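Scroll down for the structure; my scribbles are underneath it.
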Amino acid sequence: MRIANIGILVKDLEGAKNFFHDYFGAEVLKTWNEPENGYYSYIMTVGNGAWLELMTKPSMVDQPKEPNRSGLVHVCFFASSREELDDIVAKLKADGYTIQYEPSNPTGAGEVRAIAFEDIIVEVNYTPGMCD
């Protein structure tokens, strides 16, 4: 068994697609569209892990999201190097996303957690040897 995909319902489907592409290299594997009910989705691949499915539909309910909430809390990605992790941290900061915590050790392993696009919490972890 393995996780097939993680689905995230978003208001701005194109913006979410661009966010995950720009930050994590996610590529669209396929689209799933049902114009008769306004449902649209991108199924994206990031490396060799589970797929990411981004979805939107007009009937969704959007409530304010607290960082300490029930349900799915975050999506975590593994960086392939400390440099890649540091680049993502710098980009998150430059783009104005809220950083909840970031790597405190300037070398070796580290992790960043940010409240990112549409309040989706993303974590990026670098552990030497994890992605080898």
Side-chain angles (χ1 to χ4, degrees):
M1 271 293 198
R2 67 180 178 88
I3 295 175
N5 72 51
I6 302 295
I8 302 173
L9 200 55
V10 297
K11 294 179 285 191
D12 179 0
L13 186 61
E14 292 301 313
K17 177 188 76 159
N18 293 336
F19 173 82
F20 285 101
H21 172 76
D22 293 348
Y23 276 87
F24 307 109
E27 296 292 335
V28 174
L29 187 63
K30 71 182 259 186
T31 58
W32 189 264
N33 299 323
E34 298 173 6
E36 65 278 2
N37 62 19
Y39 175 86
Y40 297 92
S41 77
Y42 287 115
I43 297 175
M44 303 184 79
T45 182
V46 182
N48 60 1
W51 295 344
L52 180 64
E53 184 173 7
L54 304 173
M55 307 166 285
T56 194
K57 59 184 176 179
S59 61
M60 73 178 197
V61 176
D62 192 29
Q63 303 280 333
K65 299 169 188 81
E66 295 295 324
N68 295 315
R69 58 188 181 234
S70 63
L72 184 64
V73 176
H74 66 262
V75 178
C76 184
F77 297 88
F78 283 119
S80 59
S81 68
R82 180 55 195 245
E83 293 76 24
E84 183 178 39
L85 174 62
D86 291 342
D87 289 347
I88 290 170
V89 171
K91 185 168 175 46
L92 287 165
K93 286 180 176 181
D95 290 343
Y97 291 117
T98 301
I99 306 293
Q100 290 186 305
Y101 59 81
E102 61 184 285
S104 58
N105 179 351
T107 62
E111 182 175 72
V112 63
R113 179 181 173 118
I115 301 173
F117 189 84
E118 290 193 16
D119 295 332
I120 297 167
I121 297 174
V122 295
E123 291 182 354
V124 184
N125 180 287
Y126 173 65
T127 302
M130 185 66 90
C131 291
D132 295 345

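These numbers come from a predicted model, not from an experiment. Keep in mind that the numbers below use all heavy atoms, side chains included, and drop hydrogens, waters and symmetry copies.
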Exercise for the section: Measure the CG-CG distance between L92 and D87 for me, rounded to the nearest 0.5 Å. Expected result: 11.0 Å
Practice task
Take K57 and N37 through the side-chain contact (heavy atoms from CB on, under 4.5 Å) test and state the conclusion after the steps.
Solution key: CA-CA 8 Å; K57 59 184 176 179; N37 62 19; over 6 Å; no
Completion exercise
Interatomic distance, CG@N5 vs CG@L29, rounded to 0.5 Å, equals 10.5 Å
Practice task
Using the side-chain contact (heavy atoms from CB on, under 4.5 Å) rule, take D86 and Y126 through it: C-alpha gap first, then chi angles, then the decisive distance, then the call.
Solution key: CA-CA 10 Å; D86 291 342; Y126 173 65; over 6 Å; no
Practice task
Please report the closest heavy-atom contact between T31 and N33, naming both atoms and the distance.
Solution key: OG1-ND2, 3.9 Å
Problem - Verify same cluster id: F77, I115 (apolar side-chain graph, 4.5 Å) - result: no
Exercise for the section: Please name the pair of heavy atoms, one in C76 and one in N125, separated by the smallest distance, quoted to 0.1 Å. Expected result: SG-CB, 4.2 Å
Practice task
Tell me whether M60 is reachable from I6 by hopping between hydrophobic residues (I, L, V, M, F, W, Y) whose side-chain heavy atoms are closer than 4.5 Å.
Solution key: no
Fill in the blank from the handout: Residues passing the ring-ring contact (aromatic ring centres under 6.0 Å, His included) test with Y97, sequence neighbours excluded, are F19
Exercise for the section: Determine, stepwise, if the pair I88 / V122 fulfils side-chain contact (heavy atoms from CB on, under 4.5 Å). Expected result: CA-CA 11 Å; I88 290 170; V122 295; over 6 Å; no
Exercise for the section: For residues 117-128, pull every pair meeting salt bridge (Lys or Arg N to Asp or Glu O under 4.0 Å), keeping only residues two or more places apart or in separate chains. Expected result: R113-E123
Completion exercise
Besides V61, the hydrophobic cluster formed by Ile, Leu, Val, Met, Phe, Trp and Tyr side chains linked at under 4.5 Å, directly or via other members, contains none
Fill in the blank from the handout: For V73 and I121 the tightest heavy-atom approach is O-CB, 3.4 Å
Practice task
To the nearest 0.5 Å, tell me how far T127 OG1 sits from F78 CZ.
Solution key: 6.0 Å
Practice task
Hey, could you give me each pair passing salt bridge (Lys or Arg N to Asp or Glu O under 4.0 Å) that has a residue in residues 21-30? Not counting sequence neighbours.
Solution key: none
Practice task
Considering non-hydrogen atoms only, spot the tightest contact between P58 and G38 and give its length.
Solution key: CD-O, 3.2 Å
Practice task
Over all heavy atoms of both residues, which pair between P103 and R82 is shortest? Give the atoms and the distance, please.
Solution key: CB-NH2, 3.2 Å
Show which side-chain atoms of residues 41-48 pair as donor or acceptor with protein atoms under 3.5 Å away, not counting sequence neighbours.
residue, atom, partner, partner atom, Å
S41, OG, W32, O, 3.4
S41, OG, E53, OE2, 3.3
Y42, OH, E14, OE1, 3.4
Y42, OH, E14, OE2, 2.3
T45, OG1, G47, O, 3.4

Problem - F117 and N18: CA distance, side-chain angles, deciding distance, side-chain contact (heavy atoms from CB on, under 4.5 Å) verdict - result: CA-CA 10 Å; F117 189 84; N18 293 336; over 6 Å; no
Practice task
Tell me, please, which residues at least two apart from D95 pass salt bridge (charged side-chain N to carboxylate O under 4.0 Å, His left out).
Solution key: K91
Problem - Heavy-atom pair with the smallest gap, counting every atom of I3 and A50 - result: O-CB, 3.4 Å
Practice task
Measure the CD1-CG distance between I8 and L52 for me, rounded to the nearest 0.5 Å.
Solution key: 5.0 Å
